[in-house]
Q: 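Structure below; questions to follow.
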Amino acid sequence: KAHLQQQLNDAQLHKAELDRQKRDVERQLVDLSAVKEQRKRLATDEERLKELSIRVENEDKSLRSERERLRVEERRFGEAVGKFREEEKKFREMQGAMHQNKEIEEEKAREEIKRLRDEQTKTSIEREATKKEMEELLHAQKIMKEEQARLSEDRKRLTTREAKHLADVHNVEASRKEVDR
């Protein structure tokens, strides 16, 4: 009986050991199952990581190309700003020159206006002097006409007298000739 009891105890220990091993195996199966699950998750994560890596690479390429495009745009913008500043400088210089030319032209115009006013004043003075001369000439002409009329009258009187005198002289001559004959 003790032997049987010993065998029973050994069997129970062996069963307990087997149960423990079974539990260990079940635990290992659960762990293995968890590991497989984890591997699946890792494979999925790895797949997502590869996709993300590809997207990041594509984004990086896109960003680089966008950065390059922005550099080109920035350079063009800088050139455009430079050209604009040059044009603005030229415009300001032209505006300054135009302003200066305008001032010169205004000064010339003022001088021309002054010259024309002086000339107008001179012409007005000359016109006044000419008017006075014309009045004097008209007065002199009137006097000359009166003088001519008087001289004409005198001439007529003289001519009539001379004609009488000549006729008298002619008569005297004719009488003398007759007397001489």
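We count residues from 1, following the sequence as given.
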Q: Thinking salt bridges, do D24 and R20 make one under a 4.0 Å N-O criterion?
A: yes

Q: Flag the pair E79 and R76 as a salt bridge only when some basic side-chain nitrogen lies within less than 4.0 angstrom of an acidic carboxylate oxygen.
A: no

Q: Could you measure the distance from the OG atom of S33 to the CD atom of Q38? Nearest 0.5 Å is fine.
A: 11.0 Å

Q: Tell me, yes or no, whether the heavy-atom count around Q120 atom CD, taken from other residues, nucleotides or ligands under 6.0 Å, exceeds 12.
A: no

Q: Can a salt bridge be assigned to the pair R27 and D31 using a cut-off of 4.0 Å between side-chain N and carboxylate O?
A: no

Q: Assess whether a salt bridge exists between R69 and E66, defined as any Lys/Arg side-chain N lying under 4.0 Å from an Asp/Glu carboxylate O.
A: yes

Q: What's the separation between atom CZ in R64 and atom CD in E57, rounded to the nearest 0.5 Å?
A: 9.0 Å

Q: Between S53 and L49, is there a donor-acceptor pair closer than 3.5 Å when you use the side chain of the first and the backbone of the second?
A: no

Q: Between CG of L13 and CD of Q6, what distance do you get to the nearest 0.5 Å?
A: 8.5 Å

Q: So, are E93 and K90 salt-bridged, with charged N and O less than 4.0 Å apart?
A: no

Q: May I ask you to test the E106-R110 pair for a side-chain heavy-atom distance under 4.5 Å?
A: yes

Q: Taking the basic N atoms (NZ, or NE/NH1/NH2) and the acidic carboxylate oxygens, is any pair closer than 4.0 Å for K132 and E128?
A: no

Q: A side-chain contact here means heavy atoms from C-beta on lying under 4.5 Å apart; do L52 and R55 qualify?
A: yes

Q: Nearest 0.5 Å please: distance from the CG atom of N58 over to the CD atom of E51.
A: 12.0 Å

Q: Salt bridge or not between D45 and R48? Use side-chain N to carboxylate O under 4.0 Å.
A: yes

Q: May I ask you to decide whether K89 forms a salt bridge with E86, counting only side-chain N to carboxylate O separations under 4.0 Å?
A: no

Q: Got a salt bridge between D118 and K122, using NZ or NE/NH1/NH2 to carboxylate O under 4.0 Å?
A: no

Q: Is it the case that more than 12 heavy atoms not belonging to E26 sit under 6.0 Å from its CD atom?
A: yes

